[in-house]
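Here the structure is laid out as structure tokens; the discussion comes afterwards.
Each chain gets a letter, A, B and so on, in the order its sequence line appears, and its residues count up from 1. The model shown is predicted, which means the values in this text are computed figures rather than measured ones. Side chains are part of it too, since the values below use all heavy atoms of this structure and drop only hydrogens, waters and symmetry mates.
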Protein chains: 2
Amino acid sequence: MDTQSTFDAYLSAGDVTLGARDVELLRAIDREGSLNNAAETLSRSYAHAQRRIVELEEAFGSLVERRRGGAGGGGSELTDNARDLLAAFARTQSSFEGVADIAETVLSGDIVDRDGELVTVETGAGHVRALVPDGSGAVELSIRADAVTLTDPEDTPVPEHTSARNRFSGTVREVEMGERIARIAVDIGGNQPILALVTEDSREKLGLEPGHDVVVSFKATATRGVSV
Amino acid sequence: MDTQSTFDAYLSAGDVTLGARDVELLRAIDREGSLNNAAETLSRSYAHAQRRIVELEEAFGSLVERRRGGAGGGGSELTDNARDLLAAFARTQSSFEGVADIAETVLSGDIVDRDGELVTVETGAGHVRALVPDGSGAVELSIRADAVTLTDPEDTPVPEHTSARNRFSGTVREVEMGERIARIAVDIGGNQPILALVTEDSREKLGLEPGHDVVVSFKATATRGVSV
DNA sequence: GACCGTTGTTTCGACATAGATACAACCGCG
DNA sequence: CGCGGTTGTATCTATGTCGAAACAACGGTC
């Protein structure tokens with residue numbers, strides 16, 4: 001079974017949520033210069049699109065400046081507010097895409113200490129500090145590969161001097177090159193290696209090849225877990 | 001206008017996607033011991049729930065072991081496969097929650113170099129390396145607060161010895177304490193400070209108070225941007 | 001062998017979403 | 001003053017989703 005995680009992103013204000021479909025509509029208005037043409041090119045009904053715009057504006061404020069009559073019959077264009085909203089949507093969507101696409105390592109373990117939502121988990125590789133909303137006992141921690149920093153063992157800050165609460169010494173097990181980004185699997189003693197995403201630049205400077213020693217560190221606040 | 005980013009998480013296999021509603025159903029079956037009672041407690045129709053299970057199993061493999069007849073008329077329970085699926089869903093959902101909830105800094109700038117999807121962006125605070133799928137010119141970079149590492153200026157690895165490609169010297173501008181987690185705003189010379197999430201532990205050890213000097217670093221692979 | 005509560009299957013209808021259509025209002029322009 | 005293309009509004013219909021209801025099949029237990 002080959003599952004893949006996907007998502008729908010929304011921006012919500014009050015009880016109205018703006019989704020991908022709405023963004024598509026706003027972009028089309030921007031492109032076409034009129035609500036009518038926008039609905040046309042998207043093969044949607046004008047009536048519905050118009051009602052939706054009104055609905056969105058009640059929650060998000062003015063979005064589309066609409067003029068009727070005049071040369072060419074009128075037209076519509078986006079407000080600055082709408083452009084900000086579109087940019088915000090694009091940003092959050094791209095953040096979510098990061099989560100959906102990027103490899104992560106899953107560590108299993110048991111909670112041995114809890115302080116608010118901050119917990120200490122005993123795993124095969126040692127203690128890991130992480131965020132787990134609630135529960136106790138067995139947990140699964142997920143560590144996104146883009147949140148893992150690799151440093152040279154000779155020049156790694158002592159734990160008191162960095163905010164990365166989790167650090168492990170390990171050796172590179174596998175290097176998988178992408179276009180400009182390498183995925184490094186580092187053995188840290190647990191039953192499975194930690195994956196880290198680094199630029200080819202970094203890979204070269206740190207001399208990351210199989211067998212090379214390296215220190216992996218990641219922040220507690222970027223390590224999230226769920227009870228199982 | 002106060003917008004908030006939300007999301008719906010899915011796991012998809014082929015053209016079937018498993019969503020929150022399906023997860024709710026599977027959990028109810030696990031809890032109630034029968035498909036019938038599960039549908040009952042969720043106020044859903046048994047018929048629809050049953051069809052949905054069949055549909056999901058065609059894509060995700062065996063999920064529910066159903067027995068009819070026998071003592072008590074039969075019953076159903078989840079397969080190990082289904083439990084794995086539930087855990088996977090919980091993990092991805094919790095990862096998405098991280099993105100939705102956690103503060104981020106948005107830096108505006110212009111692309112000055114591109115190498116694949118890896119770009120160098122000129123911002124008010126200096127050059128930042130980031131991932132931007134396509135486009136050129138103006139971009140907005142979002143840097144999640146949980147991806148920012150703070151280190152002591154006295155003990156920060158030289159750039160050649162760390163995979164964190166972006167580093168800036170700054171001074172703490174503001175500290176906002178949560179329960180066990182502090183949000184630190186660090187001034188790095190741009191028009192807006194970088195936000196970092198650190199544990200209270202780290203805040204104390206690094207002596208993070210307004211006015212204190214600190215080095216902020218974050219990975220290029222954790223910095224995503226969109227063209228504007 | 002009848003009972004009983006479950007699974008399996010079909011059909012119907014309620015409901016929400018969205019397209020289709022029609023028509024009024026608007027206003028610069030020729 | 002009418003034309004033309006737009007916005008604004010109302011109503012109808014198609015579609016898909018999901019609950020409601022009814023009934024057959026199943027198989028331990030008594």
Side-chain angles (χ1 to χ4, degrees), chain A residues 8 10 12 15-79 81-82, chain B residues 8 10 12 15-79 81-82:
Chain A
D8 287 338
Y10 307 98
S12 59
D15 55 352
V16 178
T17 65
L18 175 141
R21 188 181 170 83
D22 300 314
V23 167
E24 205 180 16
L25 176 60
L26 289 176
R27 284 203 228 275
I29 292 172
D30 192 27
R31 200 173 49 241
E32 302 293 331
S34 87
L35 217 165
N36 213 324
N37 281 343
E40 174 72 18
T41 61
L42 294 177
S43 319
R44 299 198 205 159
S45 89
Y46 167 85
H48 195 71
Q50 195 276 341
R51 276 196 303 267
R52 183 57 180 165
I53 293 292
V54 171
E55 196 175 354
L56 289 175
E57 286 189 321
E58 279 171 15
F60 291 92
S62 174
L63 296 175
V64 181
E65 218 160 82
R66 287 158 286 180
R67 296 180 312 279
R68 61 176 167 182
S76 297
E77 62 178 338
L78 300 189
T79 65
N81 182 31
Chain B
D8 288 337
Y10 307 98
S12 58
D15 54 352
V16 179
T17 65
L18 175 141
R21 187 181 171 85
D22 300 314
V23 167
E24 203 179 17
L25 175 60
L26 289 176
R27 284 203 228 275
I29 293 173
D30 192 27
R31 198 173 52 241
E32 302 293 331
S34 86
L35 217 165
N36 212 325
N37 282 343
E40 174 72 19
T41 60
L42 294 178
S43 319
R44 300 198 203 159
S45 88
Y46 168 84
H48 195 72
Q50 196 274 342
R51 275 196 306 267
R52 182 58 179 164
I53 294 291
V54 171
E55 194 175 357
L56 288 174
E57 286 188 321
E58 278 170 15
F60 291 92
S62 173
L63 295 175
V64 180
E65 216 159 83
R66 289 158 284 180
R67 296 178 311 279
R68 61 177 169 182
S76 296
E77 63 179 335
L78 299 190
T79 64
N81 182 30

*Rounded distance (Å) that lies between atom C1' of D:dA25 and atom OH of B:Tyr46*: 11 Å

_Measuring from the side chain of B:Arg51 (C-beta onward, heavy atoms only), which nucleotide among C:dT10, C:dT7, D:dT7 has the closest atom?_
C:dT10

*If you check the A:Asn37 side chain, which of D:dT6, C:dA20, C:dG8 turns out closest?*
D:dT6

_A:Arg21 CZ - C:dA16 C1' separation (whole Å)_ = 13 Å

*Nearest whole angstrom, please: distance from the P of D:dC26 to the CZ of B:Arg66.*
15 Å

_Rounded interatomic separation in angstrom, taking CD from B:Glu57 and C1' from C:dT7_ = 12 Å

*Separation of atom CD in A:Glu55 from atom C1' in C:dA18, rounded to whole Å*: 12 Å

*Do the side-chain N or O atoms of B:Gln50 get closer than 4.0 angstrom to the phosphate oxygens (OP1, OP2) of C:dT7?*
no

*For B:Arg44 and D:dA21, give me the distance from atom CZ to atom P, rounded to whole Å.*
18 Å

*Are A:Leu42 and A:Glu24 close enough that some pair of their side-chain heavy atoms sits under 4.5 Å apart?*
yes

*asked:* Using the side-chain heavy atoms of B:Ser76, tell me which of these nucleotides is nearest: C:dT7, C:dA20, D:dT7.
replied: C:dT7

*Taking the side chain as every heavy atom from C-beta outward, state whether B:Leu78 and B:Glu65 have any pair of such atoms under 4.5 Å apart.*
no

_Both B:Ala49 and A:Gly33 contact DNA chain D. Taking the nearest nucleotide for each, which residue is further toward the 5' end?_
A:Gly33

*Given DNA chain D, 5'-ward residue of the pair A:Arg67 and A:Ala47, judged by closest heavy atom*: A:Arg67

*Of the listed nucleotides C:dT7, D:dG8, D:dC18, the one nearest the side chain of A:Arg68*: D:dG8

*Got B:Ile29 and B:Asn37 here, is their nearest side-chain heavy-atom distance under 4.5 Å?*
no

*With a 4.0 Å cut-off, would you call A:Glu55 and A:Arg52 a salt bridge?*
yes

_Residues A:Glu32 and A:Arg27 bridged, charged N to O under 4.0 Å_ = no

_Spacing of A:His48 atom NE2 relative to D:dA10 atom P, expressed in whole Å_ = 16 Å

*In whole angstrom, give the distance that lies between atom CG of B:Asn36 and atom C1' of C:dC4.*
13 Å

